[in-house]
Number of protein chains: 4
Amino acid sequence: MEAAATEPQKLPRRERERMAQRQEMLDAALGLFSKKGFRNVSMQEIAETSEFAIGTLYKFFKNKEDLYRALVREQAVKFHEGIMLAIASADDEVDKLRNFVRAKEEVFRANVAMIRLYFSETQGARHNVLAGVDSEMRDKHEEFLQALAGVFESGMARGRFRQIADPYHLAVALESVTNGFLLQGLLRPDRQKMPEDPDAILDIFFQGLLA
Amino acid sequence: MEAAATEPQKLPRRERERMAQRQEMLDAALGLFSKKGFRNVSMQEIAETSEFAIGTLYKFFKNKEDLYRALVREQAVKFHEGIMLAIASADDEVDKLRNFVRAKEEVFRANVAMIRLYFSETQGARHNVLAGVDSEMRDKHEEFLQALAGVFESGMARGRFRQIADPYHLAVALESVTNGFLLQGLLRPDRQKMPEDPDAILDIFFQGLLA
Amino acid sequence: MEAAATEPQKLPRRERERMAQRQEMLDAALGLFSKKGFRNVSMQEIAETSEFAIGTLYKFFKNKEDLYRALVREQAVKFHEGIMLAIASADDEVDKLRNFVRAKEEVFRANVAMIRLYFSETQGARHNVLAGVDSEMRDKHEEFLQALAGVFESGMARGRFRQIADPYHLAVALESVTNGFLLQGLLRPDRQKMPEDPDAILDIFFQGLLA
Amino acid sequence: MEAAATEPQKLPRRERERMAQRQEMLDAALGLFSKKGFRNVSMQEIAETSEFAIGTLYKFFKNKEDLYRALVREQAVKFHEGIMLAIASADDEVDKLRNFVRAKEEVFRANVAMIRLYFSETQGARHNVLAGVDSEMRDKHEEFLQALAGVFESGMARGRFRQIADPYHLAVALESVTNGFLLQGLLRPDRQKMPEDPDAILDIFFQGLLA
DNA sequence: AATGAATGAGTTTTCATTCAT
DNA sequence: AATGAATGAAAACTCATTCAT
């Protein structure tokens, strides 16, 4: 009868305390990694920032890479869940897309550190430490693309959308465009030309898409 | 009676040899950096791969960072020029966009290593070594976005395109979508779902765009 | 019920141990530096001689130069204090000079390594690492010369010495002569011609000096 | 029937040119070594300063140490000869001493670079490269001290000086005092307290010495 | 004969990881 | 259980020396 991870109130106090400590370590690490990159952050630094001893870090994580993986995995899951929920939480396909864009923007805005981490690991360079997590993250990403494609597909089936392209391609396109706009807005805050309203992103899409 | 490809036929032999050596170093470095990232590649490794002594590397590049910067700058210029040329080499705006997508695809396909390098430095993580080159690259990127926006603008003015959105936003959108599709196709070659014909990317765009 | 030599009995045990380690490092370094010079001693060597790991050296000293500076400063302070005390610890000027010569000889004899270090940094070559400590050492040396000049001056005022020369010049002369004799005796032990009794050095001086 | 080193006009032209080149190398090296010390000067630097190729340096000197030794030896000989000549070039002992002090001061003033080199190799630190030259230089120095002691001895014998101390000790004392004053004056030009007239140095001596 | 490009051993320094307290 | 001092492998960089031109 052991309590499940999703209902932490049932965990023995000892266990709960451990999880809280672990979380503090991960939080400190997230800030540092997203600011300076994996190789430019020392365990010493993480220890100091999280106010634990180095040895204690090694009690929780086998090594530096393990800590990093745990961090990326945690963040990816959080991100993934938020986005998937957004897609699920509406009946109409147009609303699903709106929810998706809004949720994504919110997550981006709320946690720039996480975003930087996420993109440094999914886009571009694969010189990352994530040989292992990598495939898991790709799978999650693919799963999400499939779900998004599903929205387009059912939208087409229900006549909400015109059949302008392969639903999966549309999913990739929407994912790309939202990334592009949000990154442009977040990582280059000097650029003033980005639309305030996230829905504006969709307008471009909907111009050709809506039936 | 020798005629060099571009123009360097006038360089003294010594100089030409030096440039060739330099290029071999940069080539070796590109392969390694794009595979493993800046911090995970040692000068030792670059020396061995390029078959020069470490000391010789340091004759050509002041330090590791200098070598990296030279590499990124070289690649970025090549990339930028190819893309800008493509936009310029047509009169009709629709043709310009087609040229752009084709040129971009070609460059991507021809040099995956370079792409990885490029994206690891423009997207995502900013824990990069490029504090200096960085702004130069951003500027180039911005310049390109402006040029692309110009295409949309004149297309609208000439009645080729409908006025569905801010031209700059359209530029960001097209840039994002091409990135998304090409990266999906190149970096994840297992994914078979991407369109063979690069023009297919544009179809999605043109659905809503064309007048 | 333990009573330490000077005063550190109040330091926590941990701190005392650290200081002892630091001292062992400095001792090893003094031996090596005085024998081979700054640039000819590697951190590896110091680590091996002092039986610590290289990393441990770097826990105590920021870098090689920092270690060297600490060493020179420590030795210079010790030397300076000994000499100044000797001058102070008598009422009669002639006794002050005797004390000075004896103390200097004692310090020289007791620590040839230190002497070599001291002279390599105050005399001769200024290609030293001591840009920083340097001025501090010069100041100490100057301060000492002034004190010695003071002895000559008050000796003259009190009629103990004849007014044969500027007191500061006499100070420089005595400092030089003691250095010359002691170095000759210590650094070239083959030379048997030096006087056994350090006071003999003063005889030369006193011949013209005493009233 | 080969021409002697002291009459270079007899050397074949080829040989003379070689010697001139060698001299230029040594001159460049003297400037650099006296400013920065042995280890802080690279062969590259010496080559550039003397405007020869590195390879040419190695044609003249077996290695860096050999070049340094040659330099120190050359300077020491020059110095030694000047001083010895000064002692010889008078009949009266008091004049000999005056000549000595004047000659020494002149040499010091004329070639601070050489002095620095000389002192960094005779005084203090023996972390020098001169394991070999060393003994030669000590011998020369000892020879000079003997000569100076001879002056004191004959001066005493002739009744010019009082018999205040062992002549050799007096020689060491005078050598030390002149060094002290001249170094103080030369290496620390900020110190204004040194006597202008080098003879003033002797006054201190003569006070007790003169019969 | 003179050159200087190329070499690579050797140096300083960092930092992940271990383990005695 | 938590600590953090100690470790030493690995990396960036320098420079004396060689040798093909």
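Note that the structure is a prediction, hence the values are computed from the model and not measured. A, B, ... follow the sequence lines: proteins, then strands. Residue 1 opens every chain.
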Expressed in angstrom and rounded to an integer, what is the separation of [X] atom [atom1] from [N] atom [atom2]?
X	N	atom1	atom2	answer
B/Asn63	F/dC15	CG	P	15 Å
B/Glu45	F/dA12	CD	C1'	14 Å
B/Met43	F/dA12	CE	C1'	8 Å
C/Ile54	F/dA9	CD1	C1'	10 Å
B/Lys62	F/dC13	NZ	C1'	13 Å
A/Glu48	F/dA2	CD	P	19 Å
A/Leu57	F/dG4	CG	P	12 Å
A/Glu24	F/dA2	CD	P	13 Å

Could you check whether D/Ser42 gets within reach of a base, just the sugar-phosphate, or nothing at all, counting any heavy atom under 4.0 Å?
->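 Sugar-phosphate: the residue D/Ser42, judged by heavy atoms under 4.0 Å, touches backbone atoms but no base.
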May I ask you to verify if any side-chain N or O of [X] is less than 4.0 angstrom from the OP1 or OP2 atom of [N]?
X	N	answer
B/Lys59	E/dA5	no
C/Gln21	F/dA5	no
C/Thr56	F/dA5	no

Quick one: look up who E/dA1 pairs with, Watson-Crick or G-U, both distances under 3.5 Å, and put none if it's unpaired.
->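 Here E/dA1 is not engaged in any pair, so there is no nucleotide opposite it.
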Could you please name the partner base of F/dC13, counting Watson-Crick and G-U wobble pairs only when both distances are under 3.5 Å?
->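 Base-paired to E/dG10.
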Of D/Glu51 and C/Tyr58, whose nearest nucleotide on DNA chain E comes first from the 5' end?
->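 Nearer the 5' end of the strand: D/Glu51.
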Want to settle it: does D/Arg18 or C/Gly55 sit nearer the 5' end of DNA chain E, counting the closest nucleotide to each?
->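 Mapping each residue to its closest nucleotide by heavy atoms, the 5'-most match is D/Arg18.
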Which residue, A/Phe38, A/Phe61, A/Phe33, forms the side chain to side chain contact (heavy atoms under 4.5 Å, CB included) with A/Leu71?
->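 Filter result, single survivor: A/Phe33.
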CG on C/Leu30 to OG1 on C/Thr49, rounded to 0.5 Å |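 So the OG1 of C/Thr49 and the CG of C/Leu30 are separated by 12.0 Å.
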Would you mind telling me which of F/dT7, F/dG4, E/dT7 lies closest to the side-chain atoms of A/Ala53?
->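 Within the option list, the nearest is F/dG4.
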Among D/Lys36, D/Lys64, D/Lys35, the one residue meeting salt bridge (Lys or Arg N to Asp or Glu O under 4.0 Å) with D/Glu45 =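 Checked D/Lys36, D/Lys64, D/Lys35 against D/Glu45; only one passes salt bridge (Lys or Arg N to Asp or Glu O under 4.0 Å): D/Lys36.
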Flag for A/Gln21-A/Glu17: side-chain donor and acceptor within less than 3.5 Å |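 The criterion, which ignores hydrogens and geometry beyond distance, is not satisfied for A/Gln21 and A/Glu17.
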Going through the distances and angles, do C/Gln23 and C/Glu74 end up as a side-chain contact (heavy atoms from CB on, under 4.5 Å)?
-> CA-CA 10 Å; C/Gln23 201 52 53; C/Glu74 182 203 55; 3.0 Å; yes
If each of B/Lys64 and C/Phe60 is mapped to the nucleotide of DNA chain F with the nearest heavy atom, which maps nearer the 5' terminus, i.e. the 5' end?
->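 Counting from the 5' end, the first nearest nucleotide belongs to C/Phe60.
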